[in-house]
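The structure under discussion appears below in the form of structure tokens.
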Amino acid sequence: MRQAFRASILHCLSDPGERSLGSAYEYFEDGLLIIENGSVAEAGQAATLLHGLAEDVLLTEFPGKLIVPGFVDCHVHFPQLDIIASYGEQLLDWLQRYAYPVEARFSDPDYAREVATVFVDELLNNGTTTALVFGTVHPHSADAIFEAAQARDMRLIAGKVLMDCNCPDELKDDADSAYTDSKALIERWHGQGRLGYAITPRFALTSTEEQLAAAGKLAREYPDVWIHTHLAENANEVEQIARQFPSSRSYLDVYDQSGLLRERAVFAHCLHLDDHDRACMADKGGAAAFCPTSNLFLGSGLFDLPAMRAANVRCGLGTDVGGGTSLSLLKTASEAYKVLHLQNHALPATRALYLATLGAAEALYLDDKIGNFLPGREADFVVLDPDGSRLTARRTAAAETIEEAFFALLTLADDRHVEATFVRGKEQRPHKE
Ligand SMILES: [Zn+2]
């Protein structure tokens, strides 16, 4: 089946950097996106492409709207949806007071399924078509999120959490069950349609060395599954890591020594790293999830994007809900701009788009499948409405360039500005109650 969508189109071809390099992105003011069997056939100027369009192609027009690739969230916890915006604590106290109690509720598979359904529909509501997702320690939490994503044909990666120390007893697994339960989930879900599995130790503080070694063994046995964990988020956490793992050079080194630093390993936060860590992460192919709303909300620190990119570390944006305060990658990009501004760096709108699409796809080693509109990419895309609110309508109408208009939009937008979200060329509307 061939379809075509007419609107303004913006997508990235590489990282536009701090100067918004013009060759790194393409913009078609009156554009056409041609889809064949769920994949991109071509994107370009409507005036050129409409000429050669066969008569049987189904044409949908979105006048005044902007099509961008589906957003990719590099780090989010679906079980924490119901504790988003919880007051007053930094990381380690926040986990005890809010995160662990709500995660304990996931011992009930029905609750897990209900939250998973709301969560994936909220992703789509915000234009997010791919995410790397934490479950809870319960294996059925992974089943729940995979089932919900599969029903919507989403490219989604998730895993059950591994944690066997420094946490409530009801949330503990152990080294053996972490290995066998994760292995069973990999066999059940990894590579099923668009789904992928991530070995998911929560963070080094909540895993014994024995459990980290078991996770590393699994990572060696399944080199094409992902690894998903947290790294160097909070200063107190980093101090505790140094005490718990005295023989490791750094926090990152704890993971490296366990065999958990390799391609397809994604580390959320990465706030307190040194040059050696960054070089090591780039060298081994690990990636960083930049989670600005969470880092500000939990008072964790400021992500040094220029240093990470200068070291060639793959970087994408993460919402980190429930530490983060929004599932919207637009809102997340807007906070990323502020985090960089505080460090005297720039984040042009085109680079923000890169971090929410192609850069995130590169972090996940999925850039041959998603992230932009090159021919053959899976047709996941968002239709944004600059007129989604009165204020954005006025502000974007006054803009003189797409950079200015898109910057104003991402600074002001929310889910009201998502007109539609398409997954493999099919509109996926949230299930309304
Ligand atoms: Zn997190």
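Each ligand, and each atom within it, is numbered from 1 in the order the structure gives. Only heavy atoms go into these numbers, but all of them, side chains included; no hydrogens, no water, no symmetry mates.
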**Message:** With a 4.0 Å cut-off on N to O distance, would you call Asp256 and Lys284 a salt bridge?
**Reply:** yes
**Fill in**
The angle formed at the Zn ion (ligand 1) by NE2 of His75 and NE2 of His77 is about (to 10 degrees) 100°
**Message:** Under a 3.5 Å distance rule, please check whether Arg395 uses its side chain to pair with a backbone N or O of Ala405 as donor and acceptor.
**Reply:** no
**Message:** Of all the N, O or S atoms in Asp320, which has the shortest distance to the Zn ion (ligand 1)?
**Reply:** OD1
**Request:** May I ask you to check whether Asp414 and Ser328 show a side-chain donor-acceptor distance below 3.5 Å?
**Result:** no
**Complete:** The atom of His230 among N, O or S that is nearest the Zn ion (ligand 1) is NE2
**Request:** Quickly, which of Arg309, His345, Arg351 forms a side-chain hydrogen bond (donor to acceptor under 3.5 Å, both in side chains) with Glu18? Name it, please.
**Result:** His345
